[in-house]
Amino acid sequence: MTEKKKYSDLRSARWFAPDDQRSSGHRSRTLQMGYDPADWEGKPCIAIINTWSDAQPCHMHFKERVERVKRGVLQAGGFPLELPALSLSESYVKPTTMLYRNLLALETEELLRSHPIDGAVLMGGCDKTTPALVMGAVSAGLPFIYLPAGPMLRGNYAGKYLGSGTDMFKLWDERRAGNVTQKEWQGMEAGIARSYGHCMTMGTASTMTAIAEAMGLCLPGASSIPAADANHQRMSTECGRRIVDMVWEDLTPNKIITPAAVRNAVTVAMATGCSTNAIIHLIAMARRAGIPLELDDLDRIGRTTPVIANIRPSGTQYLMEDFFYAGGLRALMRQLGDKLDASAIDVTGRPLVEGLADTPIWNEDVIRPLSNPVYHEGSLAVLKGNLCPDGAVIKPAACDPKFHRHRGPALVADSYPELKKIIDDPDYPMTPDTVLVLRNAGPLGGPGMPEWGMIPMPKALMKLGMRDMVRISDARMSGTSFGACVLHVAPESFIGGPLALLRNGDIVELDIPARRLDMLVPEAELAERRASWQAPEPKYERGYGHIFSKHVEQADKGCDFDFLKTDHGRPVDEPVIY
Ligand code: FES
């Protein structure tokens with residue numbers, strides 16, 4: 001057992017304890033804020049990284065919830081310091097929050113490194129905030145605990161439950177087809193998001209918080225608690241209490257995020273019917289911890305892990321509130337049995353699987369046994385082929401099975417405005433087997449790999465009653481989306497990946513069981529096209545976008561910045577205090 005730390009071992013003691021001029025300044029300025037030496041002397045300094053803002057509806061409750069965390073820190077004998085960080089609202093930030101995930105990661109890392117901090121509670125939940133906060137805190141290397149925002153209540157309109165994103169997309173297609181009135185649409189707008197908390201489908205937010213818990217970074221059961229439930233308040237206080245002990249125990253992220261923890265996170269992600277975005281974030285998070293997770297690892301685990309969470313969009317009926325009432329993520333982990341690696345621990349310092357055997361499962365239609373899955377394989381499939389030599393992903397569980405094997409002519413748009421002309425024209429010439437392609441939507445082309453990958457159904461095909469078709473892009477799609485959408489094509493078209501060579505009418509072949517995506521064009525013809533391809537103008541000449549463009553990696557590598565990877569240069573530097 002590791003020996004407990006002493007106060008003199010703490011980072012914050014370097015700021016506050018010495019009898020010198022600089023430390024005197026630190027003490028004096030802490031007194032200026034109305035604190036007393038009794039507030040900090042001999043106590044760990046706990047950062048609470050809070051992604052609350054007036055422009056972040058998913059984290060509205062963090063303004064109150066942070067007080068619960070502070071209460072817990074104080075109860076356990078710590079000194080809480082709230083540090084606000086970029087709130088990254090999926091609803092408002094353009095062109096896409098993905099452009100800024102690495103910025104929040106960088107901000108988190110530097111906030112922790114530059115201040116007198118011994119441990120941290122990370123408050124996030126809306127899509128990119130989870131991976132960003134975790135990536136930054138892993139690189140900072142200090143003990144931390146992740147406090148998930150919790151899902152919002154079920155949407156409700158006209159007596160029907162509505163799921164964020166998923167039902168909006170479905171109803172929008174119906175509205176475009178003339179089946180939903182303006183009044184009905186307004187009713188849906190008011191009913192689909194009716195409390196604080198993140199999206200309550202199994203979209204990116206729910207997936208990523210489940211991944212954080214399965215990786216051992218949350219208190220057991222924390223990720224499933226609805227934001228509006230009083231259990232969430234108590235859990236917040238408990239996060240504050242626990243992080244103080246984690247500091248004394250020196251329970252640093254490298255002791256929790258092991259290869260076993262990453263495998264557990266992938267297994268749980270697959271079983272939840274996870275968002276396609278999870279692939280990118282899982283790779284980036286694991287690599288920050290020095291674990292070289294690859295697309296093929298994800299596909300391998302996916303092939304043997306059925307989807308057992310019957311939550312939209314992979315499921316048809318239930319939402320995250322139902323998931324909590326059915327037993328939550330702990331119940332899902334119980335169903336997974338020995339698919340989880342028992343050697344992994346969590347923030348409690350005890351095995352992740354401890355107590356799972358006694359976890360109640362209240363509804364086996366919501367959280368299915370392995371023998372009665374929602375989908376027989378995991379949520380995501382990784383494709384390879386001459387259109388995506390470095391990989392692409394699709395969510396087979398969320399698309400019409402008739403498209404699992406498909407062959408059809410390409411119809412290519414080079415930009416979103418060009419795509420819109422195609423999909424909004426009720427007479428655009430196309431056939432039901434058409435493969436609709438959007439390019440220049442990847443990490444550099446988008447820029448930031450926006451969620452354009454669930455290309456809306458073209459009016460010309462909706463007239464024929466179609467509600468799904470094969471679509472391909474180097475973009476991402478919202479975790480709440482669905483359909484036969486091939487995403488994350490790598491390398492992306494903007495840098496000359498093979499998608500850039502595809503032309504209208506070329507035959508594209510998708511074979512999900514064989515994990516293939518190819519264009520049936522002779523290699524000699526492709527070589528000619530490659531030789532005449534011209535790189536587009538760069539998107540940014542200055543500012544953060546310029547840094548992003550110079551350093552972002554492709555989707556199969558997790559879209560992290562090349563200079564933030566663990567293996568880049570020296571590990572974490574401690575600041576010098578003069
Ligand atoms: Fe925040 Fe969906 S908009 S999680």
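First listed ligand is number 1; within each ligand, the first listed atom is number 1. Being a predicted model, the structure only gives us computed values, none of them experimental. Just so it is clear, the values below take in all heavy atoms, side chains as well, and ignore hydrogens, waters and symmetry mates.
Taking backbone and side-chain atoms together, His198 has no N/O/S atom less than 2.8 Å away from atom 1 (Fe) of ligand 1. Among the backbone and side-chain atoms of Cys199, none of the N, O or S atoms lies under 2.8 Å from atom 1 (Fe) of ligand 1.
Close approach to Ser91 involves these atoms of ligand 1, each under 4.0 Å from a residue heavy atom: 3 (S). Below 4.0 Å from some heavy atom of Ala205 lie the following atoms of ligand 1, by number and element: 4 (S). Of all atoms in ligand 1, listed by their number and element, those nearer than 4.0 Å to a heavy atom of Glu90 are 3 (S). Close approach of ligand 1 to Cys58 (heavy-atom distance below 4.0 Å) involves ligand atoms 1 (Fe), 3 (S), 4 (S).
Ring planes of Phe561 and Phe548: perpendicular class, angle over 60° (limits at 30 and 60°).
A cation-pi contact, defined as under 6.0 Å to the ring centre and within 45° of the axis, links Lys170 to Phe482.
Of the N and O atoms on the side chains of Arg334 and Thr359, not one donor lies less than 3.5 Å from an acceptor on the other residue. Side-chain contact check for Asp229 and Asn231: at least one donor-acceptor pair (N or O, by modelled atom type) lies under 3.5 Å.
Under the 4.0 Å criterion applied to side-chain N and carboxylate O atoms, Arg287 and Glu553 are not assigned as salt-bridge partners.
Results of the side chain to side chain contact (heavy atoms under 4.5 Å, CB included) test with Leu444 over Gln554, Lys539, Met449 single out Gln554 as the only residue that passes.
Of the listed options Ser206, Gly165, Cys126, Cys126 places a heavy atom closest to atom 1 (Fe) of ligand 1.
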